[in-house]
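Have a look at the structure below before the remarks.
Throughout, protein chains are lettered first and strands after them, A, B, ... in sequence-line order, and every chain is numbered starting at 1. Below, all heavy atoms of this structure are taken into account, side chains as well, without hydrogens, waters or symmetry copies.
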Amino acid sequence: MVDITIGDIVLYIVMFVSFYISAYFLDIILNEDEEDIEVKNKKRKTEKYPSITIAIPAYNEEKSVVRTIESVFKSNYPKDKLKVIVINDGSKDKTREYILRMKKKYDFKFIDKKKNEGKWKALNDALFMSDTKYFGVLDSDSEVERDSIKNIVEEFENSDETVSGITSLMRVKNKDKKLGKMQWLEYVLNIFQKTLYSKINLLIVLTGVLSVYNTNILKKLGGFREGYKTEDFELTLRLIDNNYKVKQSLNSYTYTIVPDKINALVKQRVRWYFGTILNIKDYKKMLFNKKYGELGYYQLPLMFFGGLIILMGTSLPIYYFLKRMYKNLKALYLSGFDITTFIKNYHFEIESNLLFYDYKMMYLMVFSLTLFLYFMFRAFYVHKIPKKYIFKIDTIIYLLLYIYIVAWSYVITYAKLLFKRGIKWR
Amino acid sequence: MALRRHFFALFISVVLLSQGFLLGSYLENIRFQSFYKELNEQRYELDSVLLEYEYISHLKDDNDCSMIWKTYYTNLKNLDKKRIKLEKYKDEGKINSEDYEITKKDYINTEIRYWLLSLDLEDKCRSDINTILYVYSTDDKCPKCDDQSMILSYLKKYYGSKLLIFSIDERMDGVVDLIKLKYNVTSYPTLIINDKSYGYMSADELKEILK
């Protein structure tokens, strides 16, 4: 038998978790067809549309707030049943002026706050002055499609009264630059993941990009809370905790603008991961609790510990690389930095003996790659993404870089958690 | 049923993982056996060099050494490659310690034979080739042994065929004990160069001696 190193153990753990998650998805896919038919039979068109308020909180979003507001008014929801409230949360840029300009064109309520108090407070301000049946939240850097709002409301009307919130699917709007493309791919895979989860009635989060809630239920629970700057996730957990149901819409899409600079992306992710972990910690009674089913046994633990797995997986290659580098540098140092000798004697040898390679590692890598490609192509197929988006070599290299950006965000997140430093707003 | 899904996921994960593990272990065993076979071939090649040497001695032709040096040096290079391989396997945990120790003993005896042959050849043929016998220890007795090995590898590259290095593990008994006795080896690393013993030497110091 062979000696087992720490690197091997880390590799096995990461691989085991990856295979487990993949097999879990695979099982849902393989059993897909039966459940699909049931869902299709349930859909009915609504005759009378209920009233809905769309709240758009904005903080320093001068570049996108105009398009957000316009997209709501260009949607096909009956205008007599649609109320819009735009909140300026103490913006320091031209957001306020742009909103006022829009007010001349469209009819909506404008809450102009002088001081920035946070998105959750802004939403509560809007919530407690609404008396419509539904209350929707739309991020000011996102745009709805024509039928986004209608589709969610239709689904709400066809659901039972324990359903408290339905969220839309997110797509990336600005995918022209490489970073945007990577996030676009990530969001596509995320949509695919959400559709699979919704087949087993599992929901991750009612996202702040576009979610619609039952106004009365929301008011009864006291509205939004700060939730470590991830008030959407906090609210989702609170709704579930109060025995309400939450759903994922499969036909309502919202386009959001994603960070196009690495710094901004890392900042965003740190906010997400930090908030996720702390919110789960607050609701830790849900973990491995029979009452919450798959959410407690599978989804929440995965979200809580997922960062560790990603860190383990990404740090392994770095560890091996650094180990080798250290050895080479030491040899160079001991030789008195005689680089010429090393260069003269360097020959790139491809080991002719096939038994030299680490088959264990290769096998696991190849298998993981195959699984990833399978899910990606499946996601593309299911969501009818045109073939031209299937990639070239430089995209694959950038994809690896992207994974390390995400891993780096986790490093910072855990550092913050350990040292409990406060976060600057946005 | 959610439980069924979990069993399915667990089953697949365990199957894939153990497949990888078993495949790896199986191939690594084969790898080791093939390595051992190569080492045996090395011994046969040593035999044929010794035979050449015997023949040449018979001929009493002092100057015709170039041929045998060439063969000798080629075989030694191959042996050295195997040493590097063996160490790499050991470093990356690809063979377990027991198998490694046995093969190492075999290998070291082969090294010593080459070393003795080099001394004989130096006697019979004039040459500007230097020989270093490197005695090392693998436990805590020798913190500088890793560094010394790196330095010797570098010198190998620097001097090319003009320097022969033989490495022996001091823990081995038999002829290694005799060598330790002869050169009064008590601490490690010890380098035996041209019949004199030295302790840890840096690259520059060794270049001075080998001039």
More than 12 heavy atoms from other groups under 6.0 Å of OH on Tyr320(A): yes
Test item: Lys156(B) and Thr341(A) side chains (from C-beta on) under 4.5 Å apart, heavy atoms: no
Residues, nucleotides or ligands: over 12 heavy atoms within 6.0 Å of Tyr374(A) OH: yes
Check: Arg4(B) and Asp27(A) side chains under 4.5 Å, non-hydrogen atoms: yes
Non-hydrogen side-chain atoms of Val14(B) and Phe16(A) separated by less than 4.5 Å: yes
Neighbour count >12 (heavy atoms, 6.0 Å) for atom CG, Leu400(A): yes
Modelled atom types, side-chain donor and acceptor of Tyr158(B) and Asp338(A), under 3.5 Å: no
Residues Lys330(A) and Asp147(B) bridged, charged N to O under 4.0 Å: yes
Tyr297(A)/His6(B) aromatic ring centres below 6.0 Å: no
Option that, when pairs with chain B are counted at under 4.5 Å, heavy atom only, ranks first among Ser335(A), Gly336(A), Ala331(A): Ser335(A)
Ring centroid separation Tyr24(A) to Phe8(B) under 6.0 Å: no
Among the listed options Ile12(B), Leu10(B), Leu16(B), the residue most often paired with chain A at heavy-atom distances under 4.5 Å: Leu16(B)
Contact leader toward chain B among Leu334(A), Thr340(A), Ile21(A), where contacts are heavy-atom pairs under 4.5 Å: Leu334(A)
Side chain to side chain, Phe19(A) and Leu17(B), heavy atoms closer than 4.5 Å: yes
Residues, nucleotides or ligands: over 12 heavy atoms within 6.0 Å of Lys162(B) NZ: no
